[in-house]
Number of protein chains: 2
Amino acid sequence: MPVTAFSVLAETTEEADAEREAPRRKEHIRNAAVADILAAAEAVFARAGFAGATMAEIADGAGVPKANLHYYFRTKASLYQAVLDNTLTLWLSETDGITMDADPATALGDYIRAKMRLTATHPDASRVFANEMLHGAPQIGDYLRNELKALVDEKSKAIEHWAKQGKIDPIDPRHLFFTIWAATQTYADFQPQVCAVLGKSKISRAELDRATDQLVTLVLKGCGVKIA
Amino acid sequence: MPVTAFSVLAETTEEADAEREAPRRKEHIRNAAVADILAAAEAVFARAGFAGATMAEIADGAGVPKANLHYYFRTKASLYQAVLDNTLTLWLSETDGITMDADPATALGDYIRAKMRLTATHPDASRVFANEMLHGAPQIGDYLRNELKALVDEKSKAIEHWAKQGKIDPIDPRHLFFTIWAATQTYADFQPQVCAVLGKSKISRAELDRATDQLVTLVLKGCGVKIA
DNA sequence: GTCTATACCTGGATAGAC
DNA sequence: GTCTATCCAGGTATAGAC
């Protein structure tokens with residue numbers, strides 16, 4: 001699970017000076033330790049939340065001394081913000097297929113499948129996001145009100161267009177998104193409950209495929225989508 | 001939002017002695033402060049999680065000095081457990097209507113509406129539960145594997161019976177429950193996201209009614225339930 | 001039973017050697 | 001650039017007066 005974006009690194013003006021006027025884009029990952037730190041931080045923040053996570057635990061997970069965390073990321077809050085930024089870029093993706101002239105069954109089905117895949121491959125990212133949400137979204141409130149709202153507004157127009165053409169029931173697209181997001185992310189966020197009810201110690205690939213197929217069917221049929 | 005069950009009170013053997021052999025059931029709420037403490041604790045644990053919550057904040061919310069919390073509940077963990085116990089009793093309710101000989105449309109529709117009402121009236125309970133889940137359910141794992149699993153197993157048999165009678169599509173009832181739980185609780189747990197996308201500062205009663213109606217329609221139609 | 005004052009400890013952050 | 005040792009704030013829990 002490699003991490004690729006480091007938007008909130010601690011500023012190192014000395015190094016910037018040393019590079020003179022060299023283009024910013026020339027900057028690259030200075031040390032693999034940074035990636036390890038972000039990966040370890042995601043796991044710890046996912047399980048313990050911001051308050052419950054300790055820098056010592058993250059340092060252990062990354063295999064570096066505690067002080068190095070404060071060298072790369074000045075504060076615990078900065079490190080948390082960097083982890084959040086990574087998860088948000090993940091969340092915005094996958095909606096490309098939902099357009100006015102797309103086939104609803106294909107577009108919605110593919111979107112749900114993609115969301116479920118994301119939940120399976122990045123469960124910790126889902127949990128970090130959920131934690132932030134539960135605590136009132138102090139860090140990402142602006143993101144939700146701007147980028148996310150704009151994206152949903154645009155996609156909602158496409159779905160309303162489908163409805164005008166009789167390709168889907170006249171539903172509220174926003175609440176449909178809430179339902180899809182919740183139903184997919186629950187397999188990461190509420191994993192202990194899912195495992196307990198199913199009587200299993202982990203959610204198997206086959207089980208998740210069954211869940212995905214059922215959810216796709218439920219949504220398409222429930223919205224009156226004509227299967228092309 | 002009165003709190004009614006106090007299963008994990010700190011033990012006061014002195015008082016028990018004073019009561020001699022008096023029946024346990026004769027015990028009653030010794031002080032309204034205890035109810036205030038539990039109510040305040042639920043709110044604080046919901047917003048901050050277990051680690052993020054502080055005893056000082058809870059004491060402030062309840063209007064009592066910090067030390068009194070440790071008098072009624074020996075530790076922070078005991079207080080948290082007491083809050084959790086209250087929420088779990090809430091969660092188990094509302095499934096009474098789902099029986100083999102019930103009408104699927106009525107039973108499922110009523111259940112979804114009841115769950116959504118619960119989300120609206122007890123959002124903090126939902127958030128405390130979600131927090132515990134996200135952190136791996138260390139306190140309530142046993143409850144999930146026993147009481148909850150037994151309940152879902154029983155209700156699943158009823159739904160499978162409906163399917164044999166052709167009253168509903170042959171779906172997996174467990175995943176249907178996961179979807180319903182997630183789709184309803186998201187309006188409490190992910191409230192900041194819902195508000196941001198809708199462009200509102202709070203979720204109005206009317207908005208939640210729309211969401212409820214749409215979800216009931218989605219589920220009933222999506223499962224091929226015949227409307228009686 | 002109730003509250004004030006305090007002891008003790010965890011954990012974030014930093015100074016300074018290498 | 002990297003790490004060891006340390007400082008200090010904040011928070012749980014308790015002792016002891018009333």
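Just so we're on the same page: letters track the sequence lines, and every chain starts at 1.
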Considering only side-chain heavy atoms of B:Ala67, which listed nucleotide, D:dT14, D:dT2, C:dT14, is closest? D:dT14
Check for a donor-acceptor pair, side chain of B:Lys115 on one end and backbone N or O of B:Ile180 on the other, with a separation under 3.5 Å. no
How many Å lie between CD1 on A:Ile37 and C1' on D:dG1, as a whole number? 13 Å
Can you check the A:Lys76 NZ to C:dT10 C1' distance for me, whole Å? 11 Å
Could you work out how much the helix from C:dG1-D:dC18 to C:dC18-D:dG1 bends, comparing the axis of its first five pairs with that of its last five, to 10°? 10°
Under a 4.5 Å cut-off applied to non-hydrogen side-chain atoms, are B:Phe50 and B:Asn131 in contact? no
In whole Å, what is the span from the OH atom of A:Tyr80 to the C1' atom of C:dG12? 17 Å
Using whole Å, what does the distance between atom C1' of nucleotide C:dT2 and atom CZ of B:Phe73 come to? 16 Å
Hey, does A:Ala53 reach any base, or is it just sugar-phosphate, or nothing, if we go heavy atoms under 4.0 Å? sugar-phosphate
In whole Å, I'd like the distance from the CD1 atom of B:Ile58 to the P atom of D:dG11. 12 Å
Side-chain (B:Thr89) to main-chain (B:Asn86) donor-acceptor, under 3.5 angstrom: yes
Between the side chain of A:Thr186 and the main-chain N/O of A:Ala182, is any donor-acceptor distance below 3.5 Å? no
With a cut-off of less than 4.0 Å, is there a side-chain N or O of A:Asn68 near OP1 or OP2 of D:dT2? no
Starting at atom CE of B:Met55, determine the distance to atom P of C:dC8, rounded to an integer number of angstrom. 20 Å
Go through D:dA13, C:dT14, D:dC3 for me and flag the one nearest to the A:His70 side chain. C:dT14
Among C:dT14, C:dT2, D:dT2, which is the nearest nucleotide to the side chain of A:Tyr72? D:dT2
Round to the nearest Å and state the distance from A:Lys66 atom NZ to D:dT4 atom P. 12 Å
Closest to the B:Tyr71 side chain, choosing from D:dT12, D:dC3, C:dG1: C:dG1
Proximity to the side chain of B:Thr54 - top-ranked nucleotide from D:dG11, D:dG1, D:dC3: D:dG11
Suppose the criterion is side chain to side chain donor-acceptor pair (under 3.5 Å): which pairs have a residue in residues 50-61 of chain A, not counting sequence neighbours? A:Arg47-A:Glu57
Round to the nearest Å and state the distance from B:Leu79 atom CG to D:dA13 atom C1'. 14 Å
Is it the case that the side chain of B:Gln185 and the backbone of B:Ser126 share a donor-acceptor pair, with hydrogens and angles ignored and the cut-off at 3.5 Å? no
Counting only N and O atoms by type, is there a donor-acceptor contact under 3.5 Å from the side chain of A:Thr87 to the main-chain atoms of A:Leu84? yes
